[in-house]
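Since the structure comes first, as structure tokens, the remarks are kept for the end.
Reckoned from all heavy atoms, side chains included, excluding hydrogens, waters and symmetry mates.
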Amino acid sequence: MPDAWNDLLARWRTGAAERERGRDLPFAAVAELREQRFGALRLPRTVGGADASLVDVLTRIVELAEVDSNLAHIWRGHIAFVEQLRWDGWHTDAAARWLPRLAAGEVMGNAFSERAETAELTTRLVDTGQDGLRVTGTKHYTTGSLYADWVHVAAIAPSGERVALAVRTDAPGVSIIDDWDGFGQPLTASGTTILDAVAVEPADVFPVTPEDEDRHRYLRGVYQLSLLAVVAGIARRAVADTVDFVRPRRRTFGHAGETRPIDDPLVHLVVGEISATASAARRIVLGVAADLETAASVRDAELLTRAELDVYRAQHTVTESVLTATSRLFEVGGASATSRSRGLDRHWRNVRTIASHNPVLQRVAAVGRFELDGTRPAWAAPGAATRAAASVPAT
């Protein structure tokens, strides 16, 4: 790893619990990552990128999440946007427009989700004629957009079709509010983005093609693996924080004064369990990412389906095991392990919050249905009619 990367990791590792407790948003860290062109890792070398693999990028996300899970989570929308461009091809007009921006270090946030009783999008793109295209709507859970230069928005076009579009976060009419009140991931700024008749360049409007199932399988996998890489990083930090807590202690909570915690076989067991979970989580995430990337490189529908199902399986296995481990770590220290100053509770809270983004039970149920009758997971965007799921013989 480059010295600049390791230096960044070392510096931002210090004080992570305090920053989270004080809601100290990591603008400075994002700025450093922008300067290092972290968001350009997957771009071609011809424009100054590193032409890194998806596994390389997610490896960095795991490392960043071990330092600060909020900081790693912020990049989810940006990573997916780059993968969208890669899938469509660097030869496209969209790539020609966006490669210079991304290569310069500009960051993409997201504004797709809405709070509504139905799947119908309320955000509208309208053609005003003289004033051109304008977008109006309110988005929620817009993770990372407060730190970004651009925001990627889902909207309904004048034709009634669903589109994606991009606007600058400093454009007139854009308001991004840090009102996220979840008990975990508090520094991701996963709050509200308000768009009030914001001007949109026609070239920054992207059609959505629900019939391109392979593309959506790949991007769905990328979105989920980005979250799972954060979870894997949290597990690694939980190991380190647990060890740092145990090593200097002299008092065993069960029978004070008889044995140092570092010599207690029960403490050995708990730390070993957490370590095993962290190692397995990382290997699962990166292994599935490699399979997904291979399937995308050959554009094989069957391989993409298998990889997507493995992403869903990983959502269950990684999330549940890390949730268990980040709860079990408290067994090494009794009541003192619950100290707010140590912030050991943040690991469980952060994993639990991440797991709620795309409920694990839905993914596991999709895997179960596939195993039973061969029904593949189907894509239906908010605002679009639900299409019948494709079926293949179960294997």
Side-chain angles (χ1 to χ4, degrees), residues 34 37-58 75-112 121 123 125 127 132-133 135 144-145 148-169 171 198-223 225-226 289 292-301 303-304 307-308 379 381 383-384:
R34 182 186 281 109
R37 298 206 292 187
F38 176 74
L41 287 172
R42 286 279 275 162
L43 303 189
R45 295 184 186 277
T46 54
V47 298
D51 203 20
S53 68
L54 179 63
V55 172
D56 290 337
V57 173
L58 293 181
W75 292 90
R76 186 188 184 213
H78 181 95
I79 290 169
F81 182 75
V82 172
E83 293 308 312
Q84 172 184 305
L85 293 175
R86 283 187 66 98
W87 178 278
D88 294 340
W90 296 135
H91 62 280
T92 63
D93 291 341
R97 185 172 179 81
W98 280 96
L99 279 174
R101 295 169 174 171
L102 299 173
E106 295 187 10
V107 178
M108 178 66 76
N110 90 91
F112 277 75
L121 285 174
T123 301
L125 178 67
D127 188 346
L133 296 176
V135 62
S145 293
D149 303 284
W150 297 84
V151 63
H152 201 197
V153 181
I156 299 298
S159 64
E161 296 178 326
R162 185 180 190 266
V163 295
L165 56 91
V167 295
R168 287 199 62 88
T169 55
V198 180
V200 180
E201 290 290 332
D204 289 329
V205 178
F206 308 91
V208 173
T209 53
E211 69 279 0
D212 191 351
E213 195 63 60
D214 288 349
R215 182 178 189 268
H216 294 298
R217 289 197 193 286
Y218 178 65
L219 293 176
R220 283 199 299 264
V222 169
Y223 271 114
L225 286 172
S226 296
L292 181 67
E293 189 169 17
T294 297
S297 68
V298 296
R299 304 294 171 98
D300 185 285
L303 290 179
L304 282 164
E308 183 183 26
W379 180 80

Give a yes or no on whether the backbone of [Y] and the side-chain of [X] come within a donor-acceptor separation of less than 3.5 Å.
X	Y	value
Arg37	Ala103	yes
Glu293	Leu54	yes
Arg86	Arg42	yes
Arg299	Leu304	no
Arg45	Ala50	yes
Thr169	Ala148	yes
His152	Ala166	no
Ser145	Asn110	yes

Is there side-chain contact between [X] and [Y], with heavy atoms separated by less than 4.5 Å?
X	Y	result
Leu165	Leu125	yes
Glu83	Leu219	yes
Val57	Ser226	no
Asp204	Arg97	yes
Phe81	Phe206	yes
Thr123	Ile156	no
His78	Phe38	no

- prompt: Given the rule in the side chain to side chain contact (heavy atoms under 4.5 Å, CB included) test, do Val107 and Arg34 qualify, once you have shown the distances and angles that lead to the verdict?
  reply: CA-CA 8 Å; Val107 178; Arg34 182 186 281 109; 3.8 Å; yes
Please find the pair of heavy atoms, one from [X] and one from [Y], that lie closest to each other, and give the distance.
X	Y	result
Val167	Val200	CG1-CG2, 3.8 Å
Pro100	Ala96	CD-O, 3.3 Å
Ala95	Gly89	CB-O, 3.6 Å
Asp127	Pro158	N-CG, 4.0 Å
Ala171	Val198	CB-CG1, 4.1 Å
Met108	Val151	SD-C, 3.6 Å

State the [atom1]-[atom2] distance between [X] and [Y], to the nearest 0.5 angstrom.
X	Y	atom1	atom2	value
Ile79	Leu58	CD1	CG	6.0 Å
Phe112	Tyr223	CZ	OH	5.0 Å
Arg217	Asp212	CZ	CG	11.0 Å
Asp51	Leu41	CG	CG	10.5 Å
Leu85	Thr92	CG	OG1	6.5 Å

query: So, for Trp90 and Trp98, is the gap between ring centers shorter than 6.0 Å?
result: no
query: Got a sec, which residues hit salt bridge (Lys or Arg N to Asp or Glu O under 4.0 Å) with Asp88, two or more places apart in sequence or on another chain?
result: Arg215
task: Take Val222 and Trp87, measure what side chain to side chain contact (heavy atoms under 4.5 Å, CB included) needs, and give me the verdict at the end.
output: CA-CA 12 Å; Val222 169; Trp87 178 278; over 6 Å; no
message: For Glu201, is there an ion pair with Arg168 - N to carboxylate O distance below 4.0 angstrom?
response: no
